[in-house]
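Step one of this worksheet: look at the structure below.
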Amino acid sequence: MLVNRPAIGIDVAKNFCFYAAVSPTCTTFLKPFRALNTKQGLLFALGQIKKVEEAFNSKPVIVLESTGHYSQRIVHFFLKQGFEVYHINPLISHSIKNSVVRKVKTDRVDALELAKLVFVQAFRPTTMPKEQLTNLKVLTRTRGHLVEQRAKSVNQLQCAIEQIAPLFPSVLNPGSLTALTLVSKFPTPCEWIEKANNKVIMNMLETLPRQGKTYGQQKYAALVACAEDAQVTGISLAAYASTIRCFASVVQSLDVQIKVIDDQIKALSEQLPEVALLRSIPGIGDTLAPIILGEIGDIERFIKAKQLVAFSRIDPSVKQSGNFIGTKNKVTKRGSPFLRHALYIAATTSVRKESKGSQVNSVIYEYYQRKIETKTKKQALAAVMNKLLRIIFSVLKNKQAFRLISPNQQVEMYQQHLKKTA
């Protein structure tokens with residue numbers, strides 16, 4: 001909505017902010033001032049804003065750009081003070097600020113231009129997020145970062161192992177518990193074939209994978225062959241042994257931290273019925289459901305499924321000029337990368353077949369098959385992500401678990417609904 005109240009524009013930096021105030025008629029009221037992001041600085045800013053409120057007998061609205069974790073604390077502070085806050089995407093604010101001919105870029109000017117934005121374009125005010133959903137979002141994002149670090153460390157570990165024993169990855173997965181335990185204790189091939197280490201290594205191979213004694217003996221024979229091959233094909237350097245131990249320790253440490261975060265996510269998910277609703281959708285399991293809910297937040301923020309799709313930024317971009325209409329349009333990709341990645345995994349899971357030949361989600365599978373008749377596989381998968389998001393909206397909005405029904409059944413149910421409301 002366009003405001004008819006005074007507005008405070010805030011240009012956020014790491015240690016301080018510039019504040020500018022404009023009147024309800026969009027004229028400058030206070031000269032832009034600087035305040036530190038400390039207790040004293042924020043209280044000083046509140047005092048200046050109070051002057052604006054008293055002058056116009058109306059509580060000002062707060063306008064600031066989304067600048068990552070720097071702006072989040074400022075938004076939280078002013079929401080707690082009872083202000084109406086507009087947390088604006090920089091893509092929007094930059095496009096409007098660049099509309100002037102004269103190029104002036106200072107913190108003071110930026111704060112003033114931000115304050116004027118709410119008088120020329122309608123924005124949706126930011127609301128205080130629910131604590132449980134915010135905790136879930138922070139935990140799932142932390143888990144995502146840890147998993148990403150683990151994948152990089154495993155790749156570095158594998159590179160080091162392949163220098164001394166090229167065949168090792170074909171014997172054991174370098175990221176597995178068995179391999180990590182083995183190379184932490186015995187990082188070099190010559191140690192794998194020493195008689196003194198025979199019993200210890202055999203015990204690892206039999207107990208850690210939980211595959212039995214025969215499996216352990218087979219793996220040990222393959223490990224010995226790998227070590228003998230490494231005597232000719234590998235590089236024997238003490239530095240690689242230290243590198244392998246180092247990266248194996250890092251991966252093991254990350255595994256412990258991921259387990260701690262997983263336990264916290266599980267405990268929090270049990271308190272949120274929305275997680276169970278999302279798990280009822282085929283293709284969305286225990287890992288993806290908390291991620292999706294944490295990124296979406298309170299579903300009541302969205303009136304229509306189309307708004308959720310726009311928020312997630314998986315809607316296709318539009319290119320049209322004159323008689324030209326673009327057909328090769330990419331997904332906008334301006335929303336949460338965590339949500340898009342979770343939807344991508346859910347989509348790829350939903351369109352596959354089980355080991356026995358049945359589909360994970362027959363309706364989504366048939367929808368995907370129709371799409372790939374006229375679109376590329378990537379475009380068809382994007383359409384599946386869009387459809388899944390609409391299903392997610394319906395499940396969360398109606399607070400009802402997912403039911404697998406065909407398109408014809410859906411049409412019949414809709415027609416019956418129209419008859420009842422007529």
Side-chain angles (χ1 to χ4, degrees), residues 127 129-137 139-141 143-144 265-315 331 335-352 354 358-368 370-371 380-418 420-421:
T127 56
K130 294 180 180 178
E131 186 175 340
Q132 286 183 318
L133 294 177
T134 305
N135 283 331
L136 191 63
K137 180 179 180 179
L139 287 173
T140 53
R141 286 194 172 191
R143 185 187 188 280
I265 291 174
K266 182 179 179 182
L268 190 55
S269 297
E270 290 174 353
Q271 303 172 25
L272 295 167
E274 295 92 338
V275 174
L277 291 174
L278 289 176
R279 283 201 299 257
S280 70
I281 303 172
I284 299 178
D286 294 339
T287 301
L288 294 182
I291 296 173
I292 292 172
L293 180 62
E295 293 300 320
I296 291 175
D298 188 358
I299 196 64
E300 297 304 323
R301 295 187 298 157
F302 309 100
I303 300 173
K304 298 179 181 179
K306 196 173 182 179
Q307 292 176 334
L308 178 58
V309 172
F311 167 80
S312 306
R313 296 296 191 270
I314 59 169
D315 49 331
V331 173
S336 164
F338 297 92
L339 178 56
R340 275 201 310 277
H341 181 69
L343 289 171
Y344 173 79
I345 299 299
T348 54
T349 302
S350 299
V351 300
R352 74 184 185 194
E354 300 280 15
S358 60
Q359 293 91 20
V360 173
N361 187 327
S362 58
V363 173
I364 294 293
Y365 179 82
E366 292 170 5
Y367 176 79
Y368 174 73
R370 291 197 304 271
K371 287 295 180 181
L381 208 55
V384 170
M385 291 167 62
N386 193 307
K387 187 172 182 65
L388 274 176
L389 201 55
R390 293 172 185 276
I391 292 173
I392 288 168
F393 174 83
S394 177
V395 165
L396 293 178
K397 199 73 171 178
N398 297 320
K399 296 180 174 58
Q400 293 182 354
F402 175 78
R403 283 195 305 138
L404 191 63
I405 58 175
S406 67
N408 291 334
Q409 290 174 316
Q410 193 171 8
V411 171
E412 289 177 7
M413 290 173 62
Y414 179 69
Q415 290 175 346
Q416 290 176 0
H417 173 73
L418 291 178
K420 290 180 180 179
T421 56

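Between Thr287 and Ile345, the closest side-chain pair of non-hydrogen atoms is not below 4.5 Å. In this structure, Tyr365 and Val360 have side chains that are not in contact, with every pair of non-hydrogen atoms separated by 4.5 Å or more. Put simply, the side chain of Pro129 does not reach to within 4.5 Å of the side chain of Asp298, judged on heavy atoms. Side-chain contact between Gln359 and Arg352 is absent, with no heavy-atom pair separated by less than 4.5 Å. Between Leu293 and Thr140, every side-chain heavy-atom pair lies at or beyond the 4.5 Å cut-off. Side-chain atoms of Leu343 and Ile392, non-hydrogen and from C-beta on, do get closer than 4.5 Å to each other. Side-chain contact between Ile296 and Phe302: present, with at least one pair of heavy atoms (C-beta onward) separated by less than 4.5 Å. Proximity of Val384 to Lys371: side-chain heavy atoms (C-beta onward) are nowhere separated by under 4.5 Å.
In terms of heavy-atom proximity, Ser312 sits nearest to Leu389 at OG-CD2, 3.2 Å. The minimum heavy-atom distance linking Ser350 with Ile364 is given by the pair CB-CG2, 3.7 Å. Of all heavy-atom pairs between Arg390 and Asn386, the closest is NE-OD1, 2.9 Å. Shown here for Gly294 and Leu136, the closest heavy-atom pair between the two residues is N-CD2, 4.0 Å. Across all their heavy atoms, Leu288 and Gly283 have their closest contact at CD1-O, 3.7 Å. Contact record, Ala380 with Tyr368: CB-CE1, 3.7 Å, taken as the closest heavy-atom pair.
Enclosure of atom OH in Tyr344 is not indicated, since only 12 or fewer non-hydrogen atoms of other residues, nucleotides or ligands lie within 6.0 angstrom. The environment of Glu300 atom CD is dense: over 12 non-hydrogen atoms of other residues, nucleotides or ligands sit within 6.0 angstrom.
Separation of atoms OG1 (Thr134) and CG (Leu139) is listed at 11.0 Å; rounding is to 0.5 Å. The CZ atom of Arg143 lies 6.0 Å from the CD1 atom of Ile265; values are rounded to the nearest 0.5 Å. Atom CG in Leu268 sits 13.5 Å away from atom NZ in Lys266 (nearest 0.5 Å). Distance check, rounded to the nearest 0.5 Å: CE of Met385 to NE2 of His341 gives 10.0 Å. Here the straight-line distance linking atom CZ of Arg403 with atom OG of Ser394 works out to 10.5 Å at 0.5 Å rounding. Here CD1 of Ile391 is found 5.0 Å from CZ of Phe402. Values are rounded to the nearest 0.5 Å.
Using a 4.0 Å cut-off between charged side-chain N and carboxylate O, Arg279 and Glu270 make no salt bridge.
Between the side chain of Ser280 and the backbone N or O of Leu277 there is at least one donor-acceptor pair closer than 3.5 Å. The backbone N or O of Glu295 sits nowhere less than 3.5 Å from a side-chain atom of Arg141 that would complete a donor-acceptor pair.
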I would like to know whether Leu339 and Ile292 meet side-chain contact (heavy atoms from CB on, under 4.5 Å); could you show each step before the answer? CA-CA 6 Å; Leu339 178 56; Ile292 292 172; 4.1 Å; yes
